[in-house]
S.K.: 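Have a look at this one.
Quick note: numbers below take in every heavy atom, side chains included, and nothing from hydrogens, waters or symmetry partners. For reference, positions follow the sequence shown, starting with 1. No experiment lies behind these values; they were computed from the predicted model shown.
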Amino acid sequence: MRQKPTVLSREIVASSRLFRVEAVQLRFSNGAERTYERLVGRGNGYGAVMIVAMLDAEHAVLVEEYCGGTDEYELSLPKGLIEPGEDVLAAADRELKEEAGFGARQLEHLTELSLSPGYMSQKIQVVLASDLYEERLEGDEPEPMRVDKVNLRELSALAMHPQFTEGRALAALYLARDLLIQRGLLEL
């Protein structure tokens with residue numbers, strides 16, 4: 001296993017309501033020194049969840065929401081922050097109710113994904129939800145989200161959809177699809 005670089009210094013060089021930019025001065029094992037900048041959370045976060053919610057054996061829930069980063073309405077999976085006192089599965093169920101109007105009788109943690117580990121510290125927990133039922137909770141979204149669905153047999157087409165650009169959501173859908181195939185619950 002490679003030796004991690006030595007941290008020579010850390011400094012917050014910019015800050016907003018949501019993020020901090022941290023400059024980290026590093027010395028690598030070969031003596032090379034570099035300054036890396038990365039986005040870090042505000043320090044009070046409990047993580048985030050992304051939910052692959054199965055309507056039936058082959059269809060997963062998508063939601064459409066305005067995304068400030070792209071300045072577009074995008075399709076993605078329901079997701080959100082884990083609140084204090086919540087575990088991953090409780091947060092997934094709550095976010096699913098808030099964003100898509102469904103609860104889940106079965107929830108399973110699949111994996112943890114990062115968005116861009118080269119310059120972001122944030123990670124998201126991926127949860128598979130099944131045996132859905134209708135239930136809506138009020139969330140913090142500024143407007144109702146449109147709910148859509150995707151056939152897990154058509155993920156290649158979804159990847160080409162101009163409103164679907166989130167790589168971690170695509171990865172989560174492929175992981176869920178492959179798991180369902182492995183379990184004999186879905187055939188391609």
S.K.: Distance-only check: which donor-acceptor pairs under 3.5 Å involve side-chain atoms of residues 166-177, not counting sequence neighbours?
M.R.:
{"residue": "E166", "atom": "OE1", "partner": "S76", "partner atom": "OG", "Å": "2.5"}
{"residue": "E166", "atom": "OE1", "partner": "K79", "partner atom": "NZ", "Å": "3.3"}
{"residue": "E166", "atom": "OE2", "partner": "R168", "partner atom": "NE", "Å": "2.4"}
{"residue": "E166", "atom": "OE2", "partner": "R168", "partner atom": "NH2", "Å": "3.0"}

S.K.: For the side-chain contact (heavy atoms from CB on, under 4.5 Å) test, which of L55, V61, D56 pairs with K149?
M.R.: L55
S.K.: R34: what forms a side chain to side chain donor-acceptor pair (under 3.5 Å) with it, not counting sequence neighbours?
M.R.: none
S.K.: To the nearest 0.5 Å, tell me how far F102 CZ sits from R136 CZ.
M.R.: 8.5 Å
S.K.: Stepwise, does the side-chain contact (heavy atoms from CB on, under 4.5 Å) test hold for L179 with E108?
M.R.: CA-CA 11 Å; L179 179 65; E108 177 182 356; 4.1 Å; yes
S.K.: Compare all side-chain heavy atoms of M120 with those of S114 and state whether any distance is below 4.5 angstrom.
M.R.: no
S.K.: Could you check whether any side-chain N or O of E86 sits under 3.5 Å from a backbone N or O of E83, counting only pairs where one atom can act as donor and the other as acceptor?
M.R.: yes
S.K.: Can you tell me how far the CG atom of D178 sits from the CZ atom of R183, to the nearest 0.5 Å?
M.R.: 12.0 Å
S.K.: Taking it one step at a time, do V126 and L113 satisfy side-chain contact (heavy atoms from CB on, under 4.5 Å)?
M.R.: CA-CA 7 Å; V126 179; L113 296 174; 3.7 Å; yes
S.K.: Nearest 0.5 angstrom please: L107 CG to R105 CZ, how far?
M.R.: 11.5 Å
S.K.: For the pair M54 and L132, evaluate side-chain contact (heavy atoms from CB on, under 4.5 Å) and give the outcome as yes or no after the intermediate values.
M.R.: CA-CA 7 Å; M54 300 303 301; L132 303 183; 5.7 Å; no
S.K.: Is there side-chain contact between V24 and V7, with heavy atoms separated by less than 4.5 Å?
M.R.: yes
S.K.: Working to the nearest 0.5 Å, report the span between CG of L62 and CD of E99.
M.R.: 12.0 Å
S.K.: Give the C-alpha distance, both sets of side-chain angles, the deciding distance and a yes or no for side-chain contact (heavy atoms from CB on, under 4.5 Å) between Y66 and D71.
M.R.: CA-CA 7 Å; Y66 175 78; D71 188 30; 2.5 Å; yes
S.K.: Is the closest side-chain heavy-atom distance between L186 and L152 below 4.5 Å?
M.R.: yes
S.K.: In terms of side-chain geometry, is the basic nitrogen of R146 or E65 positioned less than 4.0 Å from the acidic oxygen of its partner?
M.R.: no
S.K.: Just so I know, are the side chains of L188 and I181 near enough to count as touching, which here means a heavy-atom distance under 4.5 Å?
M.R.: yes
S.K.: As a test of understanding, state which of V49, I51, V147 forms a side-chain contact (heavy atoms from CB on, under 4.5 Å) with P78.
M.R.: I51
S.K.: Between atom CG of L75 and atom NE2 of H161, what is the distance when rounded to the nearest 0.5 Å?
M.R.: 5.5 Å
S.K.: Output the distance between atom CD (Q25) and atom OH (Y36), rounded to the nearest 0.5 Å.
M.R.: 11.0 Å
S.K.: Report yes or no: does E64 contribute a side-chain atom to a donor-acceptor pair with the main-chain N or O of D148 at less than 3.5 Å?
M.R.: no
